[in-house]
Amino acid sequence: MDNVPAHLQFSGLPNFLIQNGLLAKEDIQKHIDEAQKKKLPFISYLVGNKLIDGYVFASTASGSFGLPFIDLKSLDIRALPTKLVSEKLIRQHHALPLFKRGNKLFIAISDPTNFQAQDEIKFHTRLNTEAILVEEDLLTKIIETSLEAADTSMKDMLDTDLDNLEITAGDEEDKASERDMDIDDAPIVRFVNKILLDSIKRGASDIHLEPYEKNFRIRFRADGMLSEIASPPASLSNRVISRIKVMSKMDIAERRVPQDGRIKMQLSKNRAIDFRVNTCPTLFGEKVVLRLLDPTSAQLGIDKLGFEPIQQKLFLEAIHRPYGMVLVTGPTGSGKTVTLYTGLNILNSMEVNISTAEDPVEITVAGINQVNVNVKSGLTFAEALRAFLRQDPDIIMVGEIRDLETAEIAVKAAQTGHLVLSTLHTNDAPQTLNRLLQMGIPAFNIVSAVNLIMAQRLARRLCENCKKPANFPDITLLQAGFPEDQLKELRVYTHNPEGCEKCNGGYKGRVGIYQVMPISEKMRELILEGGNTLELAKLSKSEGINDLRASGLLKVQMGVTSLEEVDRVTKE
């Protein structure tokens with residue numbers, strides 16, 4: 001370094017960065033000061049702020065410092081020996097044990113000058129240590145992931161708060177069975193509580209506990225995708241599942257038939273989460289699935305659902321009409337219930353009587369009369385609807401129209417001055433009209449009752465922090481459905497498979513994709529003339545109604561989601 005002021009003379013890592021052209025000499029001290037101010041390792045600060053590329057640095061430093069370099073993505077994080085080193089040391093030195101060979105422990109570091117990590121881990125483990133250089137951003141992510149997985153293991157269930165969580169059966173009945181667990185099962189109690197808390201923290205919609213012959217797998221579904229979060233010993237499966245059955249007031253001795261139950265977890269004075277629990281006998285035990293039911297999910301507001309402006313206008317106009325039917329269609333897990341409850345929350349006021357029949361009630365809302373359908377006791381959707389009509393209703397919500405009897409009563413209610421909201425399982429809006437005809441509802445009743453049909457899907461949102469431009473050839477974009485005149489100005493993004501600290505594999509959260517189809521006069525005429533699904537779809541398109549694919553491509557164009565994700569959720 002020629003004729004450089006003394007305060008800009010650097011050695012070690014800063015000098016390496018300058019010599020290899022990774023950072024400008026005049027900026028080094030500023031970055032060192034900022035890293036110290038934020039109490040971050042120097043490399044973590046540089047990579048985290050995108051001042052250097054993690055892969056370029058690691059691959060370059062590997063040769064210069066004589067350290068081996070490996071790709072962390074090739075490792076199975078479940079096999080990492082994280083228990084050999086305390087979480088405190090791992091976090092303090094930003095170093096992760098990778099594998100043990102004899103009395104030698106190989107540790108991953110992102111800073112080749114981090115000799116203190118090797119020395120301290122060697123002192124605490126009494127093993128010889130050898131450093132391996134890895135990418136900083138991947139190291140940060142895998143440290144968090146591996147420590148979370150370890151934190152969910154049985155030996156780490158020492159948090160006293162896990163013992164004191166207020167958890168009851170969903171029906172608030174006598175809690176005697178809560179005390180049926182043997183005192184020796186206290187670790188199981190803490191373990192199950194930890195699983196429930198982790199599912200809430202990660203924004204999961206479902207928890208799957210699956211016993212197999214040689215292993216016991218626990219998975220969360222977040223943003224519509226399942227991922228494994230823990231794999232306790234198979235010998236614990238019966239105890240863990242029995243604990244969940246006790247919490248949800250099921251018969252522990254009965255393992256031959258499916259059972260349903262409910263758990264309520266009180267997180268604070270103002271917030272509680274319900275878990276809908278179902279068991280199903282399998283070859284090696286009972287599989288248990290818990291569905292998280294968060295009342296706040298229906299309080300997001302209509303602007304957060306992902307409607308296009310014209311779609312939102314059509315939906316609001318339909319639910320504010322004094323009578324008629326609004327139908328929402330889509331597969332299980334496509335967000336139909338949240339959409340309907342968002343509408344009900346808008347309509348919920350002192351002046352109207354709202355009643356709902358659901359199987360089961362997933363979201364509880366003050367001011368709405370909610371009924372749990374119970375077929376065994378004779379309380380079907382049809383019976384609940386008949387009861388509602390004798391109780392002076394203004395707005396009725398039917399969880400699902402499954403049969404002709406329910407459909408006939410719902411149509412009659414819509415024709416006699418009531419607003420009826422309901423769901424069906426069809427692929428798109430035009431198919432819903434034919435489905436009603438096939439169920440036996442006359443065409444003249446459909447055209448006089450139905451105001452709006454809405455099909456929907458949920459697509460994962462791209463992470464705003466790490467999404468990247470996608471370079472698709474023009475022919476691919478044309479085949480996907482984009483008009484040729486838009487290709488020049490079209491910017492399409494895709495997900496970063498490695499993700500970042502703020503997301504899960506490049507995606508964070510979900511957004512709705514909708515086909516909102518009002519029943520126009522021309523459509524009523526076509527239905528009465530016996531028009532088929534294709535003719536209805538063609539007419540809908542000519543009236544400017546976007547189908548699911550077109551709505552999905554609009555979300556791609558806006559950079560909200562990726563083309564791959566739209567293909568996944570809208571393909572026939």
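Basis for what follows: all heavy atoms, side chains included, without hydrogens, waters or symmetry-related copies. Note that the coordinates shown come from a computational prediction; the quantities given were computed from them, not determined experimentally.
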Novice: Taking salt bridge (Lys or Arg N to Asp or Glu O under 4.0 Å) as the test, write out the residues that go with Glu358, two or more places apart.
Specialist: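 By the salt bridge (Lys or Arg N to Asp or Glu O under 4.0 Å) rule, Glu358 matches no residue at all.
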
Novice: Tell me which pairs pass salt bridge (charged side-chain N to carboxylate O under 4.0 Å, His left out) where either residue lies in residues 311-322, with sequence neighbours left out.
Specialist: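 Sorted result for residues 311-322: Lys313-Glu317.
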
Novice: Using the side chain to side chain donor-acceptor pair (under 3.5 Å) criterion, which residues pair with Tyr323? Sequence neighbours excluded.
Specialist: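 For Tyr323 there are no side chain to side chain donor-acceptor pair (under 3.5 Å) partners, ignoring immediate neighbours.
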
Novice: Applying salt bridge (charged side-chain N to carboxylate O under 4.0 Å, His left out), which residue pairs with at least one partner in residues 385-405 are found, sequence neighbours left out?
Specialist: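 Non-adjacent pairs meeting salt bridge (charged side-chain N to carboxylate O under 4.0 Å, His left out): Asp359-Arg402, Glu383-Arg386, Arg386-Glu405, Glu400-Arg402.
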
Novice: Under the ring pair (Phe, Tyr, Trp, His ring centres under 6.0 Å) rule, collect the residues that match up with Phe388, sequence neighbours excluded.
Specialist: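 Listed in chain order: nothing, the list is empty.
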
Novice: What residues, two or more places apart in sequence or in another chain, satisfy side chain to side chain donor-acceptor pair (under 3.5 Å) together with Glu535?
Specialist: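 By the side chain to side chain donor-acceptor pair (under 3.5 Å) rule, Glu535 matches no residue at all.
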
Novice: Could you pull out every donor-acceptor pair under 3.5 Å between side chains of residues 537-545 and any protein atom, sequence neighbours left out?
Specialist:
unit_1, atom_1, unit_2, atom_2, d
Ser542, OG, Leu539, O, 2.6
Glu543, OE1, Ser520, OG, 3.1
Glu543, OE2, Ser520, OG, 2.8

Novice: Looking just at side-chain N and O atoms, do Gln415 and Ser448 make a donor-acceptor pair shorter than 3.5 Å?
Specialist: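 Gln415 vs Ser448: donor-acceptor pair found between side chains.
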
Novice: Which pairs, with at least one residue in residues 519-531 and sequence neighbours excluded, count as a salt bridge (charged side-chain N to carboxylate O under 4.0 Å, His left out)?
Specialist: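 Residue pairs with at least one partner in residues 519-531: Glu521-Arg524.
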
Novice: If we count only N and O atoms by modelled type, under 3.5 Å, do the side chains of Asn215 and Ser231 hold a donor and an acceptor together?
Specialist: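 Per modelled atom types, Asn215 and Ser231 side chains form no pair under 3.5 Å.
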
Novice: Could you tell me which residues satisfy side chain to side chain donor-acceptor pair (under 3.5 Å) with Gln438, sequence neighbours excluded, listed by chain and number?
Specialist: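 Partners of Gln438 by the side chain to side chain donor-acceptor pair (under 3.5 Å) criterion come out as none, since no residue qualifies.
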
Novice: Kindly write out the residues that satisfy side chain to side chain donor-acceptor pair (under 3.5 Å) with Glu308, not counting sequence neighbours, or none if the list is empty.
Specialist: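 Asn546, Ser551.
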
Novice: Can you name the ring pair (Phe, Tyr, Trp, His ring centres under 6.0 Å) partners of Phe315, sequence neighbours left out?
Specialist: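 Result, ring pair (Phe, Tyr, Trp, His ring centres under 6.0 Å) vs Phe315: Phe307.
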
Novice: With sequence neighbours left out, what residues match Glu286 under salt bridge (Lys or Arg N to Asp or Glu O under 4.0 Å)?
Specialist: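 By the salt bridge (Lys or Arg N to Asp or Glu O under 4.0 Å) rule, Glu286 matches Lys245.
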
